[in-house]
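See structure below.
All values derive from a computational prediction rather than experimental measurement.
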Amino acid sequence: MISTQAWADARRLWDYHQMGHTLKPCSVAIGLGSHDLGVADTAVDLYERGMAPLLVFTGATSPTTRERMPRGEAVHYRERALERGVPDSAVLVEPNARNTGQNIEFSKKVLEEAGVHPESVLLISKPYEERRAYATARKLWPEVEFVSASTPMTLDEYVDSIQDARLVIDMLVGALQRLLIYPEQGFMISLPVPDDVREAYDRLCAEGFTSRLMALK
């Protein structure tokens, strides 16, 4: 049973994790691999709207995607894009990244090898990963303008798609922890965390939504 307060705190984290950027056309779009094929669908939607002429899908496999996406996250994303009518010439694949930092670094290398030097990137992630992806990208590729995007949906809609409310809240908490500790470790830029977001995070930790937290040394 999830308390009313926990749901309210989860909604606060959900809202914070999204950057609220106004979409605009960019040089390329990069779709970050995960278990969620919605990232690929959103990338295709934005391509069809003329928001980017080239898509890059990045990601290997992980314990959560190995069975569902045995050929790798980026490869499955590419297959979804081609099924939806995106021409092969408009899709690049980066199949080796295993974390967000590698998603950015390896995608940059793939683009360089293709002779593409973007001034702006539409960065597409899961809804609750927008801020973390943005902070990582700004650290590793500071000369590029990043516009964050994800599938437009509410927390309730996302929970319905995952069918595991506790897991979703655990993921919201885990993503917030990384925003708090990764800047000091040099993995991302520091972004302000409002007091009410931090307090919501603390309450959720105290209630046991901790399966996605990293152990601190």
Side-chain angles (χ1 to χ4, degrees), residues 9-10 12-21 28-36 39 56-66 72-74 94-112 118 120-150 158 166-217:
D9 289 337
R12 185 68 193 91
L13 265 60
W14 175 266
D15 291 342
Y16 173 72
H17 281 310
Q18 296 179 57
M19 297 296 295
H21 286 169
V28 301
I30 297 177
L32 305 183
S34 72
H35 64 272
D36 189 353
V39 174
V56 180
F57 293 127
T58 168
T61 58
S62 70
T64 59
T65 62
R66 190 169 294 119
E73 296 155 6
E94 185 295 297
N96 299 309
R98 296 187 180 277
N99 57 54
T100 307
Q102 289 182 355
N103 286 141
I104 302 303
E105 292 179 322
F106 295 176
S107 293
K108 180 180 179 182
K109 183 177 180 182
V110 165
L111 286 165
E112 289 174 348
S120 57
V121 171
L122 193 58
L123 191 62
I124 306 169
S125 64
K126 299 187 294 295
Y128 68 90
E129 290 283 8
E130 274 195 30
R131 191 170 293 270
R132 176 184 172 188
Y134 176 81
T136 303
R138 284 285 312 281
K139 176 70 176 183
L140 298 175
W141 207 353
E143 67 271 25
V144 167
E145 177 187 6
F146 286 94
V147 177
S148 293
S150 63
Y158 193 75
R166 290 198 67 91
L167 175 60
V168 171
I169 298 177
D170 284 350
M171 292 189 293
L172 295 175
V173 171
L176 198 284
Q177 182 203 35
R178 286 155 179 77
L179 283 164
L180 293 172
I181 66 175
Y182 275 4
E184 293 183 0
Q185 298 176 15
F187 297 146
M188 62 176 62
I189 65 167
S190 179
L191 296 174
V193 180
D195 289 343
D196 62 333
V197 173
R198 192 180 290 263
E199 290 164 2
Y201 165 81
D202 289 339
R203 283 192 294 267
L204 290 170
C205 288
E207 286 204 34
F209 294 96
T210 56
S211 75
R212 292 305 174 102
L213 290 181
M214 297 180 61
L216 301 180
K217 295 180 181 179

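Nearest heavy atom pair, residue S150 against residue S125, reads CB-O, 3.1 Å. Nearest heavy atoms, C205 versus L213: SG-CD1, 4.0 Å. Taking both residues in full, the closest heavy atoms of L191 and R131 are given as CD1-CG, 3.5 Å, listed atom of the first, atom of the second, then distance. Residue P142 comes nearest to K139 through the heavy atom pair CD-O, 3.8 Å, listed as atom of the first residue, atom of the second, then distance. Across V39 and G31, no two heavy atoms sit closer than the pair CG1-CA, 4.0 Å. What you find for A29 and I124 is that their closest heavy atoms are CB-CD1, 4.0 Å.
Here the straight-line distance linking atom OG1 of T58 with atom CD1 of I30 works out to 7.5 Å at 0.5 Å rounding. For the atom pair N96 CG and K109 NZ, the distance stands at 9.0 Å (nearest 0.5 Å). One distance of note links CG of N99 with CZ of R178; it measures 11.0 Å at 0.5 Å rounding.
At a threshold of 4.5 Å between non-hydrogen side-chain atoms, the residues F146 and S120 do not count as touching. Two residues are said to be in side-chain contact when any heavy atoms from C-beta on lie closer than 4.5 Å; V28 and L111 meet this criterion.
Checked against ring pair (Phe, Tyr, Trp, His ring centres under 6.0 Å), H35 has no partners two or more places apart in sequence or in another chain. For Y128, the ring pair (Phe, Tyr, Trp, His ring centres under 6.0 Å) partners are Y158, not counting sequence neighbours. K108 pairs by the salt bridge (charged side-chain N to carboxylate O under 4.0 Å, His left out) definition with E143, not counting sequence neighbours. Taking R138 as the reference, Y134 meet the side-chain hydrogen bond (donor to acceptor under 3.5 Å, both in side chains) condition, with sequence neighbours excluded. Scored by the side-chain hydrogen bond (donor to acceptor under 3.5 Å, both in side chains) test, S34 finds Y77 as partners (sequence neighbours excluded). Scored by the side-chain hydrogen bond (donor to acceptor under 3.5 Å, both in side chains) test, S148 finds no partners at all (sequence neighbours excluded). Under the salt bridge (charged side-chain N to carboxylate O under 4.0 Å, His left out) criterion, E130 pairs with no residue at all, not counting sequence neighbours. Residues satisfying the side chain to side chain contact (heavy atoms under 4.5 Å, CB included) criterion with P95, sequence neighbours excluded, are V93.
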* Asked: When you look at V193 and Y16, which way does the side-chain contact (heavy atoms from CB on, under 4.5 Å) test go after all the steps?
  -> CA-CA 8 Å; V193 180; Y16 173 72; 3.4 Å; yes
* Does the side-chain contact (heavy atoms from CB on, under 4.5 Å) test come out yes or no for L140 and M188, once each step is laid out? -> CA-CA 7 Å; L140 298 175; M188 62 176 62; over 6 Å; no
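In this structure, E94 contributes its side chain and A97 its backbone to a donor-acceptor pair below 3.5 Å.
Contacts classified as side chain to side chain donor-acceptor pair (under 3.5 Å) and involving residues 186-200 (residues at least two apart or in different chains) are given here: R12-D196. Applying the ring pair (Phe, Tyr, Trp, His ring centres under 6.0 Å) test to residues at least two apart or on different chains, the pairs with a partner in residues 166-186 are Y182-F187. Sorted by first then second residue, the salt bridge (Lys or Arg N to Asp or Glu O under 4.0 Å) pairs that include residues 203-215, not counting sequence neighbours, are D9-R203.
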Cut-off 3.5 Å, no hydrogens considered: what does the side-chain donor-acceptor table look like for residues 167-176, sequence neighbours left out?
| from | atom 1 | to | atom 2 | distance (Å) |
| --- | --- | --- | --- | --- |
| D170 | OD1 | T210 | N | 3.4 |
| D170 | OD2 | S211 | OG | 2.6 |

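When each of V147, I104, N103, T136 is tested with L123 by the rule side chain to side chain contact (heavy atoms under 4.5 Å, CB included), just one qualifies, namely I104.
With a 6.0 Å radius and a threshold of 12 heavy atoms from other residues, nucleotides or ligands, E184 has its CD atom at or below the threshold.
The pair E129-R132 meets the salt-bridge criterion, with a side-chain N (NZ, NE, NH1 or NH2) lying under 4.0 Å from an Asp/Glu carboxylate O.
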